[in-house]
Amino acid sequence: MPHLFATSDLHVTHEGNAPLVDEVVPRTPDDWLLVAGDVAERAESVIGVLKTLRERFAKVVWVPGNHELWTTQKDECQLRGQARYEHLVERCREIDVLTPEDPYPVWEHQEKPLTIAPLFVLYDYSWRTPSAEGLPLLAAVDQAREAGVLCTDEFFLHPDPYPSRQAWCADRVKISTERLEAIPEDHGTILMSHWPLHRHPTAPLYFPEFALWCGTTETEDWHQRFRAEVAVYGHLHIPRSTEADGVRFEEVSLGYPREWRKRARGPIPLRRIF
């Protein structure tokens, strides 16, 4: 029986993480792998790791995280926003890695077929703390900054040609909704995304203000609406299994060395979903 594995937030440019890619290996020749974003910041590093993983697994499905979408001075690829995303999609197609722009694959090894839906939906700053509800966006971001947290996306994740990240998110929600609605009704789904689709995984955040950069209220019911058997995500660096409305949520992130070195179980670069 083939296995379905998942990983995210490998952050291979951080010292100590790159060797752990050697542990992301299948158990059978027919195993599949879901990669839920944040492989690296540099385009060539992202594609290099995905190429290695595709050589090992029968199928690899990738969604971008915020780090893949950063445009930094150290990256030879200086494309921004949508153009950067499209560049990564084309590079993935060259190495036979599926993306949110490709036909959704179907996992046939459960009681019913499960369509794997790789989703790129971003965030729209709608996950607010109670004191930030109703505030203008700049005031909510300033409040987070005063609490000691500001996502680096504010400097490196450009929404071009959209006027804002919120506008880009709204378009991605529309695109993703249309594709999800087209999934056959007799299929269940495996929803995979970098940012969690439901807010409950953000509850343990040390800085609750960071939820601003973690998702959108527009996807809160997708696990029910689109018949999810499991929702796979990363981003928070809080690897664990939770449940909402009877649906399993799996955060599959590795995280930074400073984080996994503190955990008694150490680094876990690969999680089995089925």
Side-chain angles (χ1 to χ4, degrees), residues 7-14 17-18 21 33-54 60-104 117-125 137 141 150-179 192-197 212-216 218-219 233-237 253-254 256:
T7 187
S8 78
D9 297 79
L10 291 172
H11 293 292
V12 298
T13 59
H14 287 255
N17 273 17
V21 175
L33 177 67
L34 311 181
V35 183
D38 277 10
V39 174
E41 295 80 24
R42 301 179 188 179
E44 287 302 321
S45 296
V46 174
I47 299 304
V49 171
L50 291 176
K51 184 175 185 294
T52 295
L53 297 175
R54 178 61 186 88
V60 173
V61 186
W62 166 84
V63 295
N66 52 314
H67 283 239
E68 278 102 342
L69 300 174
W70 285 1
T71 304
T72 64
Q73 292 182 347
K74 294 181 179 180
D75 193 350
E76 292 181 0
C77 178
Q78 288 295 295
L79 295 171
R80 293 161 57 121
Q82 178 71 15
R84 183 178 183 86
Y85 171 59
E86 291 175 353
H87 171 74
L88 290 169
V89 167
E90 288 304 314
R91 295 293 305 279
C92 281
R93 287 172 172 166
E94 292 172 2
I95 58 173
D96 192 30
V97 169
L98 296 177
T99 77
E101 307 310 309
D102 296 310
Y104 290 164
L119 304 169
F120 167 38
V121 290
L122 272 168
Y123 54 85
D124 61 5
Y125 302 91
L137 174 58
V141 172
L150 184 68
C151 187
T152 311
D153 291 2
E154 295 297 315
F155 307 101
F156 296 138
L157 202 166
H158 307 287
D160 312 26
Y162 296 90
S164 64
R165 297 181 195 88
Q166 303 98 293
W168 196 4
C169 174
D171 193 45
R172 292 305 313 181
V173 167
K174 179 178 181 294
I175 291 168
S176 301
T177 300
E178 291 172 353
R179 296 201 62 193
M192 64 172 291
S193 56
H194 179 66
W195 297 271
L197 300 176
L212 275 175
W213 295 276
C214 293
T216 169
E218 295 297 320
T219 64
Y233 68 97
H235 190 58
L236 304 181
H237 296 192
S253 58
L254 171 62
Y256 299 129

Backbone N/O of [Y] and side chain of [X]: donor-acceptor pair under 3.5 Å:
X    : Y    : value
H194 : A36  : yes
R165 : Y125 : no
R179 : L119 : no

Partners of [X] by ring-ring contact (aromatic ring centres under 6.0 Å, His included), sequence neighbours excluded?
X    : result
F155 : none
F156 : W70
H14  : H11, Y256

Rounded to the nearest 0.5 Å, how far apart are [atom1] of [X] and [atom2] of [Y]?
X    : Y    : atom1 : atom2 : value
E68  : L157 : CD    : CG    : 10.5 Å
N66  : L122 : CG    : CG    : 9.0 Å
D124 : R172 : CG    : CZ    : 14.5 Å

For [X], what residues pass the side chain to side chain contact (heavy atoms under 4.5 Å, CB included) criterion, not counting sequence neighbours?
X    : result
I95  : I47, L50, K51, V97
T99  : W62, V89, C92, E101, D102
A83  : L79
H158 : T71, R80, D160

Practice item. Please collect all salt bridge (Lys or Arg N to Asp or Glu O under 4.0 Å) contacts where either partner lies in residues 33-49, sequence neighbours excluded, each pair once. Key: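 Pairs touching residues 33-49 that pass the test: E44-R91.
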
Review point. How would you list all residue pairs meeting salt bridge (Lys or Arg N to Asp or Glu O under 4.0 Å) that involve residues 70-79, not counting sequence neighbours?
Key: D75-R84

Check your understanding: Considering residues at least two apart in sequence or located in another chain, which fulfil the salt bridge (Lys or Arg N to Asp or Glu O under 4.0 Å) criterion with D96?
Key ->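 Partners of D96 by the salt bridge (Lys or Arg N to Asp or Glu O under 4.0 Å) criterion, ordered by chain and then number, come out as R54.
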
Review point. With sequence neighbours left out, what residues match E90 under salt bridge (Lys or Arg N to Asp or Glu O under 4.0 Å)?
Key: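 Once residues adjacent in sequence are excluded, the partners of E90 under the salt bridge (Lys or Arg N to Asp or Glu O under 4.0 Å) criterion are R93.
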
Exercise for review: Identify, with sequence neighbours excluded, every residue that meets side-chain hydrogen bond (donor to acceptor under 3.5 Å, both in side chains) alongside Y104.
Suggested key: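 Expected list: none.
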
Review point. Is there a donor-acceptor contact under 3.5 Å linking the side chains of H237 and D9?
Key: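 Yes.
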
